[in-house]
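Both ligands and their constituent atoms are indexed starting at 1 by order of listing. A quick note: this is a predicted structure, and the numbers were derived from the prediction, not measured.
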Amino acid sequence: MVRLSFILRDPLKLKQAAAQTVIVIYVALNLLSTQWWKDVPLGPPDIILGIFEAHKLDNNPNKIDLSVGAYRDNFGKPYVLPSVIKAEQNIVDKKLDKAVANDIGSEFFRQVMFRLAVGDDLLDRPHVSVQSVSGSGSIKIAAETISQLYKGNKLIFIPNPSWAYHAPIFRLSGLKTEFYRYYDERNHELDHSGMMTDLTHLPNNSIILFQMVGHNPTGADPTPNQWREISQILKDRNILIFIDMAYQGFGTGCLSTDAFPLKHFIEEGHMVVFAQSFSKNMGLYSVRVGGVTFMIRNEEEGKSILEQLKHSALCMYGQPPIHGSQIVEEIFRCPELKNNWENEVKMMHKRISSMRQVLLDKLHQNGSSRDWSHLMKQKGMFFYSGLSVEQCEQLINEHSIYVVKNGRMSVCGINEHNVDYLAHCLHKVTK
Ligand SMILES: Cc1ncc(COP(=O)(O)O)c(C=O)c1O
């Protein structure tokens with residue numbers, strides 16, 4: 001007390017004390033702020049990208065990357081579709097500007113996207129669509145919108161297994177997630193009876209996610225009849241069906257045939273939300289173009305959903321990027337270009353299918369007596385091999401063949417130049 005009054009009476013001491021106090025507060029605040037992020041755990045690693053990065057650093061001339069789910073040509077190179085190159089030339093020649101079209105993508109783009117999904121017969125079904133950032137962005141803004149608006153059970157059932165980001169996207173958007181049985185690991189096929197049992201017990205008013213075709217990671221798709229059964233079992237129970245169409249075209253090579261499950265659900269009167277992506281079927285991976293559609297019952301409902309989708313997108317990333325939608329529009333505007341694109345999709349599918357057959361033949365030639373029949377039965381880009389983690393690690397560490405450790409291999413990475421080595425090593429780690 002005596003000391004304080006002594007300081008207060010002496011202006012110089014008062015100044016010094018004030019300066020010291022400021023320094024102490026400054027240091028304390030600084031110390032505090034350096035603690036803010038101290039115990040933040042690492043974000044979950046992207047396992048596939050990690051494997052891909054390791055592949056890039058590997059000097060083995062025989063190395064093979066089968067980790068990334070992206071199409072590669074017969075020399076293992078990323079493939080730019082000729083129809084896309086032509087569309088890009090058109091965009092330059094026409095000197096199209098880069099102004100924002102609107103917040104939800106151009107009307108033509110959205111019409112084209114809807115028609116690609118549902119075909120010609122269901123065009124009059126009420127819906128709202130918005131362009132978004134590829135499949136991921138489309139799923140995300142749909143998830144946000146469902147989380148905000150949906151009056152039912154905010155619980156989505158996801159196939160087990162599924163694309164690694166399905167569950168986190170829905171969870172981070174505020175939905176609860178659970179899994180339904182999807183794959184029979186022992187027999188390497190769809191767990192049809194397990195799935196049907198789980199679907200029978202879904203709570204009414206909940207949400208279910210399906211991958212429409214080329215299921216990632218298993219390649220196991222229901223047959224048309226099994227889709228009909230699924231539709232039947234979900235009928236009249238007010239279950240919202242969410243369809244991820246990321247691999248349209250890679251199931252059969254025919255974009256329209258691949259869309260059968262979606263069309264069937266709509267025809268049967270289900271409430272459906274679907275997310276589209278041009279990453280895979282137009283090879284526009286890093287261009288990020290796609291969109292999401294909500295089938296609706298009336299205009300009023302549609303208006304709110306559309307506004308909500310727009311709001312989610314504007315808060316997340318603003319307007320959708322225009323370059324990709326211009327490419328898609330150019331391709332669909334010109335019948336010849338569209339025809340070329342459809343043939344390119346067929347060609348990609350054909351190369352993948354033929355590589356499945358070549359790999360199977362080479363495995364047999366190497367003397368493998370293991371049952372590889374699932375290699376031929378699975379659809380789309382992936383071979384869900386059934387290899388153990390140890391066998392996958394052996395492929396990576398001893399043979400420089402980079403696969404996902406759940407046994408998933410991207411068939412896109414197999415070509416005439418590496419299939420002998422792959423078959424030899426695959427047999428070696430499995431015999
Ligand atoms: C099943 C599935 N859905 C969606 C996506 C998202 O892809 P994109 O955002 O490139 O369209 C992927 C990517 O691999 C996927 O496998």
Side-chain angles (χ1 to χ4, degrees), residues 46-52 65-72 78-79 81 84 105 109 113 116-117 130-144 156-170 172-173 177 179 182-183 208-222 241-251 255 258-259 261-262 273-293 313 316-317 320-321 323-325 327-328 345 348 352 378-384 404 406 408-413:
D46 184 314
I47 292 161
I48 296 175
L49 274 187
I51 296 170
F52 180 59
D65 173 43
L66 303 180
S67 65
V68 176
Y71 187 77
R72 298 289 183 254
Y79 176 62
L81 277 62
V84 167
F109 174 82
M113 208 174 52
L116 178 64
V130 303
Q131 185 194 333
S132 186
V133 184
S134 229
S136 311
S138 304
I139 296 170
K140 177 64 182 165
I141 60 167
E144 289 280 336
I156 184 160
F157 289 84
I158 295 173
N160 184 20
S162 198
W163 178 47
Y165 289 100
H166 277 142
I169 290 178
F170 287 110
L172 285 172
S173 306
T177 54
F179 290 89
Y182 188 81
Y183 191 71
I208 185 156
L209 174 79
F210 292 114
Q211 291 189 38
M212 187 178 78
V213 71
H215 183 272
N216 178 9
T218 69
D221 292 339
I241 297 181
F242 195 123
I243 300 191
D244 178 350
M245 311 178 49
Y247 295 92
Q248 184 181 9
F250 285 89
L255 292 146
D258 280 3
L262 172 73
V273 173
F274 57 91
Q276 288 172 266
S277 168
F278 291 98
S279 291
K280 321 277 175 181
N281 56 24
M282 265 191 202
L284 295 175
Y285 300 92
S286 59
V287 181
R288 316 303 295 148
V289 60
V292 64
T293 295
M316 229 178 293
Y317 52 78
H323 184 62
S325 55
I327 294 173
V328 174
V345 173
M348 290 191 284
I352 295 173
Q378 293 171 358
K379 299 268 191 311
M381 286 191 172
F382 303 113
F383 171 37
Y384 201 50
V404 186
N406 61 7
R408 191 195 85 169
M409 302 179 191
S410 171
V411 186
C412 305

Engineer: For ligand 1, which atoms, with element, lie under 4.0 Å from some heavy atom of Gly135?
Structural biologist: 8 (P), 9 (O), 11 (O)
Engineer: If we only consider heavy atoms of His215, is any one of them less than 4.0 Å away from an atom in ligand 1?
Structural biologist: no
Engineer: Ring centroid separation for His215 and Tyr182, is it under 6.0 angstrom?
Structural biologist: yes
Engineer: Within a radius of less than 6.0 Å around CG of Leu49, do more than 12 heavy atoms belonging to other residues, nucleotides or ligands occur?
Structural biologist: yes
Engineer: For atom 4 (C) of ligand 1, what's the nearest protein heavy-atom neighbour? Residue, atom name and distance, please.
Structural biologist: Asp244 OD2, 3.4 Å
Engineer: On a heavy-atom basis, which atom in Asp244 and which in Ile139 lie closest, and how many Å separate them?
Structural biologist: OD2-CD1, 3.5 Å
Engineer: Do Tyr317 and Ser132 get their side chains close enough for a donor-acceptor pair, meaning under 3.5 Å?
Structural biologist: yes
Engineer: Any nitrogen or oxygen of Tyr285 lying under 3.5 Å from a nitrogen or oxygen in ligand 1? Just yes or no.
Structural biologist: no
Engineer: Distance under 4.0 Å to a non-hydrogen atom of Arg288: what atoms of ligand 1 satisfy this?
Structural biologist: 8 (P), 9 (O), 10 (O)
Engineer: State, to 0.1 Å, how close Gly214 and Tyr247 come at their nearest heavy-atom pair, and which atoms those are.
Structural biologist: O-CD1, 3.7 Å
Engineer: Report the C-alpha distance between Lys140 and Leu172 in whole Å, list the side-chain angles of each, state the deciding distance to 0.1 Å, and finish with yes or no for side chain to side chain contact (heavy atoms under 4.5 Å, CB included).
Structural biologist: CA-CA 9 Å; Lys140 177 64 182 165; Leu172 285 172; 4.3 Å; yes
Engineer: Students should be able to answer this: which protein heavy-atom is nearest to atom 12 (C) of ligand 1, and at what distance?
Structural biologist: Trp163 CE2, 3.4 Å
Engineer: Go through Gln378 and Phe383 one step at a time and tell me if the side chain to side chain contact (heavy atoms under 4.5 Å, CB included) criterion holds.
Structural biologist: CA-CA 7 Å; Gln378 293 171 358; Phe383 171 37; 3.4 Å; yes
Engineer: Could you see which bit of Tyr165 sits under 4.0 Å from ligand 1, with heavy atoms only: side chain, backbone, both or neither?
Structural biologist: neither
Engineer: Of all the atoms in ligand 1, which lie at a distance below 4.0 Å from a heavy atom belonging to Ala246?
Structural biologist: 2 (C), 3 (N), 4 (C)
Engineer: Could you identify the single nearest non-hydrogen protein atom to atom 9 (O) of ligand 1 and state the distance to 0.1 Å?
Structural biologist: Ser136 OG, 2.5 Å
Engineer: To the nearest 0.1 Å, how far is atom 11 (O) of ligand 1 from its closest protein heavy atom, and which atom is that?
Structural biologist: Ser277 OG, 2.6 Å
Engineer: Mind listing the closest non-hydrogen atom pair of Gln248 and Ala259 along with its distance?
Structural biologist: NE2-CB, 3.8 Å
Engineer: Run the numbers for me: atoms of ligand 1, each under 4.0 Å from some heavy atom of Ser134, listed by number.
Structural biologist: 8 (P), 9 (O), 10 (O), 11 (O)
Engineer: Test side chain to side chain contact (heavy atoms under 4.5 Å, CB included) on Met409 and Tyr384 and set out the steps.
Structural biologist: CA-CA 6 Å; Met409 302 179 191; Tyr384 201 50; over 6 Å; no
Engineer: Tell me the protein heavy atom at minimum distance from atom 14 (O) of ligand 1, and give that distance in Å.
Structural biologist: Lys280 NZ, 3.0 Å
Engineer: Would you mind finding which of Ser279, Ser286, Ser132 brings a heavy atom closest to atom 10 (O) of ligand 1?
Structural biologist: Ser279
